[in-house]
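Counting starts at 1 for both ligands and their atoms, in listed order.
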Amino acid sequence: MPKLLLATNNQGKIRELAFLISSKAWELTTPAREGIDIHVQETGKTFEENAAIKALAYAKAANLVAIADDSGLEVEALNGEPGVLSARYAGEGASDRERVDHLLAKLAGVPWEKRSARFRCVIAIATPEGEVELCSGECRGFIALESRGENGFGYDPIFYLPEFGKTMAELSFEEKNGVSHRGKAAREARLVLERLSRK
Ligand code: ITT
């Protein structure tokens, strides 16, 4: 069975991607398990560019097919911020909690109807030869007035989904993966992986 490298150091993404793309055709592995310790500069201006940069860097470093995820939150009242800067929004090395607090402070006084937002996810699958395929998904909701829920990671405790009447962090693992930006992108990615496994 060929190996598929999950090209991310974010434990939340590793858990979700491992579930979403699990397949009989690929043996999933991680940078830690392959002894790969690289830091890739995310110099792109779009999720697409950054996902491709990460997947290609890991595919070359490990000489394996690699799958990377670049994702983030776009808030309408902030003209699409934090976007590709979602991980760095409260500075390098900040915690999920600090990022959430930073975003809530930015939106202080913004009324409910103007707090719409979307999560975006672009998954890139790269081969060591330098081929890249991109898959994407989005999930729409609102930025809540305060944190709620313990599940998931990142901005999940303040991402409110009207259809559930809950934040993303109040959904079960299966519910989140059923409706999330990552779940949608991963369902496309599974088709790409199926095709690649037959090559
Ligand atoms: P890798 O680059 O190693 O994959 P990262 O955390 O730096 O890890 P990104 O550059 O793609 O990844 O940043 C995405 C950030 O957006 C992430 O740190 C979260 O804060 C947020 N995010 C992405 N998907 C999310 C999700 O499903 N739920 C909550 N927050 C999410």
Side-chain angles (χ1 to χ4, degrees), residues 5-21 30-32 36-59 61-62 66-75 78 80-104 117-126 134-144 147-161 166-186 189:
L5 180 66
L6 285 176
T8 174
N9 292 306
N10 179 317
Q11 291 305 317
K13 287 186 187 179
I14 289 183
R15 267 196 307 277
E16 293 180 10
L17 286 171
F19 170 78
L20 286 163
I21 58 172
T30 59
I36 306 279
D37 185 14
I38 57 173
H39 184 75
V40 184
Q41 295 277 25
E42 297 186 28
T43 51
K45 289 193 174 59
T46 62
F47 294 111
E48 285 80 2
E49 284 177 77
N50 284 334
I53 288 171
K54 287 188 272 191
L56 279 168
Y58 278 92
I67 181 163
D69 164 316
D70 202 61
S71 46
L73 189 58
E74 293 180 344
V75 181
L78 300 175
E81 265 187 40
V84 291
L85 298 177
S86 292
R88 293 163 270 173
Y89 200 41
E92 292 287 345
S95 64
D96 277 350
R97 175 72 190 272
E98 286 166 332
R99 284 188 275 270
V100 160
D101 288 344
H102 184 68
L103 181 59
L104 286 178
R118 61 178 179 168
F119 267 130
R120 291 191 53 209
C121 173
V122 174
I123 288 178
I125 297 168
L134 298 174
C135 307
S136 61
E138 67 169 52
C139 178
R140 290 179 177 272
F142 291 85
I143 303 303
S147 279
R148 251 173 40 195
E150 304 293 329
N151 303 332
F153 66 95
Y155 297 93
D156 284 343
I158 51 167
F159 192 81
Y160 181 80
L161 296 140
K166 288 179 179 174
T167 68
M168 197 79 117
E170 293 179 301
L171 299 187
S172 69
F173 184 72
E174 288 75 15
E175 282 173 331
K176 175 181 176 182
N177 287 312
V179 297
S180 76
H181 48 313
R182 184 164 298 103
K184 289 172 190 157

Looking at every heavy atom in both Ile38 and Asn9, which two are closest together, and how far apart are they? O-ND2, 4.3 Å
If the cut-off is 4.0 Å to any non-hydrogen atom of Asn10, which atoms of ligand 1 fall inside it? 3 (O), 6 (O), 8 (O), 18 (O)
As an exercise, identify every atom of ligand 1 less than 4.0 angstrom from a heavy atom of Gly154. 20 (O), 29 (C), 30 (N)
What protein heavy atom sits nearest atom 3 (O) of ligand 1, and how far off is it? Asn9 N, 2.9 Å
Could you check if a side-chain atom of Met168 sits within less than 4.5 angstrom of a side-chain atom of Tyr155, using non-hydrogen atoms only? no
Which heavy atom of the protein is the closest neighbour of atom 1 (P) of ligand 1, given with residue, atom name and distance? Thr8 OG1, 3.4 Å
heavy-atom search around atom 23 (C) of ligand 1 in the protein gives Ser71 OG, 3.1 Å
Arg97, CZ: over 12 other non-hydrogen atoms inside 6.0 angstrom: no
Do the non-hydrogen side-chain atoms of Lys176 and Asn151 ever get within less than 4.5 Å of each other? no
Run Asp70 and Ile53 through side-chain contact (heavy atoms from CB on, under 4.5 Å) and show every step you take. CA-CA 10 Å; Asp70 202 61; Ile53 288 171; over 6 Å; no
If I apply the N/O under 3.5 Å rule, does Ser86 come out as touching ligand 1? no
What heavy-atom pair brings Ala124 and Leu134 nearest, and what distance separates the two atoms? CB-CD2, 3.6 Å
Can you list the atoms of ligand 1 that are under 4.0 Å from a heavy atom of Asp69? 4 (O), 11 (O)
For atom 24 (N) of ligand 1, closest protein heavy-atom neighbour: Arg182 NH2, 2.9 Å
Any Met168 heavy atom less than 4.0 Å from ligand 1: no
Nearest-contact summary for atom 18 (O) of ligand 1 - protein heavy atom, Å: Ala87 CB, 3.6 Å
Out of all atoms in ligand 1, which are within 4.0 Å of some heavy atom of Asp70? Include the element for each. 9 (P), 10 (O), 11 (O)
Enumerate the atoms of ligand 1 whose separation from the nearest heavy atom of Glu42 is less than 4.0 angstrom. 2 (O), 10 (O)
With a 4.5 Å limit on heavy-atom distance, are the side chains of Leu78 and Leu103 in contact? yes
Give the residue and atom name of whichever protein heavy atom lies nearest to atom 30 (N) of ligand 1, and the separation in Å to one decimal. Tyr155 N, 3.1 Å
Applying side chain to side chain donor-acceptor pair (under 3.5 Å) between Glu138 and each of Arg118, Lys184, Arg120, report the one that passes. Arg118
Lys176 heavy atoms, cut-off 4.0 Å: which ligand 1 atoms fall inside? 26 (C), 27 (O), 28 (N)
Tell me, do Asn10 and Asp69 make a side-chain contact under 4.5 Å, heavy atoms counted? no
Do the rings of Phe119 and His181 sit parallel, tilted or perpendicular, given the 30° and 60° boundaries? parallel
Does any N or O of ligand 1 fall below 3.5 Å from an N or O anywhere on Asp156, backbone included? yes
List every atom of ligand 1 that sits less than 4.0 Å from any heavy atom of Gly72, numbering the atoms from 1 in the order shown and giving each element. 16 (O)
Quick one, Glu16 and Phe173 - any side-chain contact, counting heavy atoms below 4.5 Å? yes
State the atoms of ligand 1, each with its element, that fall below the 4.0 Å cut-off from a heavy-atom position in Lys54. 1 (P), 2 (O), 4 (O), 9 (P), 10 (O), 11 (O)
Glu42 bridged to Lys54 by N-O distance under 4.0 Å: yes
Could you check which of Lys13, Gln11, His181 puts a non-hydrogen atom nearest to atom 5 (P) of ligand 1? Lys13
Taking atom 22 (N) of ligand 1 as the reference point, the nearest protein heavy atom with its distance: Phe153 CE1, 4.1 Å
